[in-house]
Amino acid sequence: MRRSRLVTLAVSLAASIGATLTLAVPAQAAPTDRYVALGDSYASGVGAGSYTSESGSCQRSTNAYPALYNANVKPASYKSVACSGATTTDVINNQLSALSSTTTLVSVTIGGNDVGFASIMTTCVLYGESQCVAAVQAAEDKARAELSGKLAKVYSGIKAKAPSARVVVVGYPVFYQLGTVCVGLSANSRAKINEGINLVDDITRSAANSAGFTFADVRSIFVGHQLCSYGEKWLHALNFASIGISYHPTAAGQSGGYYPVFRSAAG
């Protein structure tokens, strides 16, 4: 009897421990999200390499933060229609059609091209400090006057197409670390460019909050990895051999900067 009771006790204890261990392991969330990525070159992954053949000139990279989320989290469905050069108008006219009432997660990075990021950097590189500062100031004036309204139209369109989706608006990194020894643009030009990017991010955050969306701010995580920093650079400097990747995140910038911030915001 004693041996039988010991065996029964051992079996019961093992079963109890097994149940406890089973309960202690966090349950894996079911991959039920239907995820659509919208936006410009920072969302498509220009500068990160490994572009998909189907994306053509949109240059969607398998190293971009939406693709990394898809590869790691494995939602039920995933589609990126982000495209290099896209403006808010392009999102409305060409990208919102990818959404539907069954979409449950949307990411969007947009607004930089509406204020002329690319042309500003061209001016700053080619024409010197005074014209650089003037170009950034003109873009800031344009952003203050127009960007909130343009973003509101995009966000309204997202709500209309995907009313049940949670939406993460992802911002831009500030390009330069200031106060370091750095060749190229003047310190004043670099500071003014940073000021312009901060303004765009702040306007975008306010517009996202007004729409009830989550703003994913990548600025702090890029500190120490910016141009003119002493750490690993997560942004391409001016590249004459491949102009299009200049001032865009590298693959490391997407995986080490954009992806963890987006994943945290997306859940």
Side-chain angles (χ1 to χ4, degrees), residues 37-44 46 65-66 82-96 106-124 132-162 165-178 188-223 226-227 235 247-249 253 257-258 261-262 264-266:
L38 313 173
D40 58 22
S41 54
Y42 282 71
S44 71
V46 170
Y65 73 84
C83 191
S84 177
T87 63
T88 53
T89 300
D90 293 320
V91 171
I92 291 168
N93 292 341
N94 305 321
Q95 298 185 18
L96 292 184
V106 177
S107 65
V108 57
T109 301
I110 201 67
N113 291 318
D114 288 85
V115 298
F117 269 6
S119 62
I120 290 168
M121 296 311 299
T122 299
T123 298
C124 291
C132 176
V133 170
V136 176
Q137 185 60 53
E140 290 181 1
D141 295 342
K142 184 180 179 68
R144 289 188 180 97
E146 301 176 6
L147 188 57
S148 289
K150 290 183 175 183
L151 292 172
K153 289 180 180 179
V154 171
Y155 302 161
S156 294
I158 292 172
K159 285 183 176 180
K161 291 283 188 178
R166 62 193 193 282
V167 181
V168 180
V169 177
V170 188
Y172 298 98
V174 173
F175 288 172
Y176 295 101
Q177 183 168 324
L178 304 179
N188 286 339
S189 292
R190 296 196 300 271
K192 190 65 174 177
I193 290 166
N194 283 3
E195 178 186 286
I197 296 169
N198 277 317
L199 176 64
V200 168
D201 274 330
D202 289 344
I203 290 172
T204 303
R205 178 177 56 197
S206 294
N209 290 340
S210 294
F213 296 165
T214 299
F215 181 68
D217 195 334
V218 300
R219 285 176 287 185
S220 62
I221 200 170
F222 269 80
V223 171
Q226 300 150 297
L227 301 178
L235 291 162
Y247 309 108
H248 283 81
Y258 266 93
V261 172
F262 171 64
S264 177

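All residue numbers refer to positions in the sequence shown, counting from 1. Note that the structure is predicted; figures quoted are calculated from it, not measured.
- Summarising the geometry of Gly257 relative to Phe222, their closest heavy-atom pair is CA-CE1, 3.9 Å, with the distance given to 0.1 Å.
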Step by step, work out the side chain to side chain contact (heavy atoms under 4.5 Å, CB included) result for Glu140 and Val200. CA-CA 8 Å; Glu140 290 181 1; Val200 168; over 6 Å; no
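- Under the 4.5 Å side-chain criterion, counting only non-hydrogen atoms from C-beta, Met121 is in contact with Phe175.
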For side chain to side chain contact (heavy atoms under 4.5 Å, CB included), just list the numbers for Asp40 and Cys83, CA-CA rounded to whole Å, side-chain angles, deciding distance to a tenth of an Å, and then say yes or no. CA-CA 5 Å; Asp40 58 22; Cys83 191; over 6 Å; no
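- Using a 4.5 Å heavy-atom cutoff, the side chains of Gln226 and Val174 are in contact.
- Here the side chain of Asp201 pairs no donor or acceptor atom with the backbone of Gly171 at under 3.5 angstrom.
- In this structure, CG in Asn94 is found 11.5 Å from CG in Leu38, a value given to the nearest 0.5 Å.
- Residues meeting the side chain to side chain contact (heavy atoms under 4.5 Å, CB included) test with Asp217, sequence neighbours left out: Arg205, Phe215, Arg219.
- A donor-acceptor pair under 3.5 Å is formed between the side chain of Asp90 and the backbone N or O of Thr87.
- Scanning both residues, Ala143 and Ile203, for their nearest heavy atoms gives O-CD1, 3.6 Å.
- Here the straight-line distance linking atom CG of Leu178 with atom CG of Leu227 works out to 11.0 Å at 0.5 Å rounding.
- Between the CD atom of Gln177 and the CZ atom of Arg190 there is a distance of 10.5 Å, given to the nearest 0.5 Å.
- Partners of Tyr172 under the ring-ring contact (aromatic ring centres under 6.0 Å, His included) rule, at least two apart in sequence or in another chain, are Tyr42, Phe117.
- Between Ile193 and Tyr176 the shortest side-chain heavy-atom distance falls below 4.5 Å.
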Pairs under 3.5 angstrom only: tabulate donor-acceptor contacts from the side chains of residues 150-162 to other protein residues two or more places apart or in another chain.
unit_1 : atom_1 : unit_2 : atom_2 : d
Lys150 : NZ     : Glu146 : OE1    : 3.4
Ser156 : OG     : Ala152 : O      : 2.9
Lys159 : NZ     : Ala211 : O      : 2.7

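- For Ala265, the side chain to side chain contact (heavy atoms under 4.5 Å, CB included) partners two or more places apart in sequence, or in a different chain, are Val168, Thr214, Ala216.
- Using modelled atom types, one side-chain atom of Arg166 and one backbone atom of Ala266 make a donor-acceptor pair closer than 3.5 Å.
- The backbone N or O of Gly116 sits less than 3.5 Å from a side-chain atom of Ser119, completing a donor-acceptor pair.
- A donor-acceptor pair under 3.5 Å is formed between the side chain of Thr109 and the backbone N or O of Val170.
- Rounded to the nearest 0.5 Å, atoms OG1 (Thr88) and CG (Asn113) are 9.5 Å apart.
- Partners of Ser189 according to the side chain to side chain contact (heavy atoms under 4.5 Å, CB included) rule, which considers only residues two or more places apart in sequence or in another chain, are Glu129, Cys132, Leu185, Ser186.
- When all heavy atoms of Ser41 and His248 are compared, the closest pair comes out as OG-NE2, 2.7 Å.
- Residue Val115 comes nearest to Ala139 through the heavy atom pair O-CB, 3.5 Å, listed as atom of the first residue, atom of the second, then distance.
- Scored by the side chain to side chain contact (heavy atoms under 4.5 Å, CB included) test, Ser220 finds no partners at all (sequence neighbours excluded).
- Rounding to the nearest 0.5 Å gives a distance of 10.5 Å between OG1 of Thr204 and CG of Asn209.
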